[in-house]
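Keep in mind that what you see is a predicted model, and the values were worked out from it rather than measured.
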Number of protein chains: 2
Amino acid sequence: MAMPAATTLLAWTRLLRAADLASQHCAATLRALGLPPPEWYDVLLAIERRGAQRPRDLQAMLGTEQYALSRLVDRMVKARLLTRVPCTEDARGYLLYLTIEGRAMRAAMWPIYAEAIETVLGARMEDEDCAALAQLLAPLAEPVSA
Amino acid sequence: MAMPAATTLLAWTRLLRAADLASQHCAATLRALGLPPPEWYDVLLAIERRGAQRPRDLQAMLGTEQYALSRLVDRMVKARLLTRVPCTEDARGYLLYLTIEGRAMRAAMWPIYAEAIETVLGARMEDEDCAALAQLLAPLAEPVSA
DNA sequence: GGAATGTCCATGCAAGTGCAACTACTTAGC
DNA sequence: GCTAAGTAGTTGCACTTGCATGGACATTCC
């Protein structure tokens, strides 16, 4: 296999650094206000948008490890943001619904999260550069095997 | 503050997803061969390139948290890849040197790491797209305050 | 020179993560 | 129907991380 070109290495380091800085900033902003981390938002949003979901579907959508999602859901249920309802078609699994508080929490998180994203991305790039970036990243946002 | 535009949100999700997938793949590849994680490589390379370094300089270069670097260095010293030498100019700090094994480890890690990068980035993007990506990410790879 | 403030690095504790192994249910093959 | 293999989800254990704090030295200001 060929070694990476210099431009590839530069893109590599910047990709990791940019994503790390950006996600750190968001997480810190939410934490500073006593709000849950971004992963929680992603779960809440996925269920609000698409209706009750099974853990394995969330796992596929969000790209998290199976055990990580298991424990994440556990914490969110303990925090009363989600409820588990046994799945009639498959007794191994269950459906996750939002509670009232879960819905409220998503709504409360959004403005903070959105502002953090705007600070980190929107305010630092032209709109057309954002579009170009999204375009370039499209193939990389799919699992490697694909 | 303005809410993020749709293109901003798309860029956001893809940036995080792409970086996560890419770094996960690299870490997993190294781990599968019993090699240390990528952060270790970054430390080893920084010292090999620029000579002995103080923790605070590594911290700035690599963008890690202070306590994270402190413990990372600790693990690497225990693994005999680095040695601490008291700093004559500032008794609070010390200089980190590579050991023979440290040098050997960096050399052993590079082909694996490089191949993983090539798999994740080089093989999935045209060279000019890599260059464009690096260009677009340049502003985002700097701390938010800057 | 001495106090106040700042910088450098370490660490206790609580929480999160990775790996591997496990239970429980489902599906396929026969 | 029975076994074998696959899928859904959990969990024990060791390790890592985040936050807050602390100790040690350096610098500034008087």
Just the rounded figure in Å: distance from [atom2] of [N] to [atom1] of [X].
X	N	atom1	atom2	answer
B/L96	C/dC8	CG	P	14 Å
B/Q59	C/dC8	CD	P	8 Å
A/K78	C/dA14	NZ	C1'	15 Å
B/R84	C/dC8	CZ	P	17 Å
A/L69	D/dA8	CG	C1'	11 Å
B/L72	C/dC8	CG	C1'	17 Å

Between C/dT26 and A/R92, counting only base atoms on the nucleotide and side-chain atoms on the residue, is there a donor-acceptor pair under 3.5 Å?
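No, the side chain and the base share no sub-3.5 Å donor-acceptor pair.
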Below 3.5 Å, does any donor atom in the side chain of A/Q66 face an acceptor in the base of D/dA8, or the other way round?
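Result: no qualifying N/O pair found.
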For [N], take OP1 and OP2 only and decide whether either is under 4.0 Å from a side-chain N or O of [X].
X	N	answer
B/R56	D/dC25	no
B/Y94	D/dC25	no
A/S70	D/dT10	yes

Carboxylate-amine/guanidinium proximity below 4.0 Å for B/R50 and B/D57
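Not counted as a salt bridge, because no side-chain N and carboxylate O are separated by less than 4.0 Å.
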Return the OG1 to CD1 distance between B/T29 and B/I112, rounded to the nearest 0.5 Å.
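These two atoms lie 8.5 Å from each other.
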Residues that, via side-chain heavy atoms closer than 4.5 angstrom, fall in one hydrophobic cluster with B/V85
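Members besides B/V85, by chain and number: B/L95, B/Y97.
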Hey, does B/D74 reach any base, or is it just sugar-phosphate, or nothing, if we go heavy atoms under 4.0 Å?
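B/D74: no heavy atom of the nucleic acid under 4.0 Å.
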Side-chain donor/acceptor of [X] to backbone N/O of [Y], under 3.5 Å:
X	Y	value
A/R14	B/A134	yes
A/T7	B/C130	no
B/T99	B/L81	yes

Mapping B/E65 and A/V73 onto DNA chain D by nearest heavy atom, which one lands closer to the 5' end?
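Counting from the 5' end, the first nearest nucleotide belongs to A/V73.
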Pick the closest DNA chain D nucleotide for A/A28 and for A/R54 by heavy atoms, then say which residue is nearer the 5' end.
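Nearer the 5' end of the strand: A/R54.
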Identify all pairs in which a protein N or O lies below 3.5 Å from an N or O of nucleotides 15-17 of chain C, and state each distance.
from: C/dT17; atom 1: OP2; to: A/R75; atom 2: NH2; distance (Å): 3.4

Cluster check A/L10, B/L62: I/L/V/M/F/W/Y, side chain < 4.5 angstrom:
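Different hydrophobic clusters.
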Run B/V73 and B/R84 through side chain to side chain contact (heavy atoms under 4.5 Å, CB included) and show every step you take.
CA-CA 9 Å; B/V73 164; B/R84 284 188 246 246; 3.9 Å; yes
When the axes are fitted on five pairs at both termini, how much does the helix from C/dG1-D/dC30 to C/dC30-D/dG1 curve, in 10° steps?
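One end axis against the other gives 30°.
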Mind listing the closest non-hydrogen atom pair of B/M61 and B/Q53 along with its distance?
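Result for this residue pair: CE-OE1, 3.2 Å.
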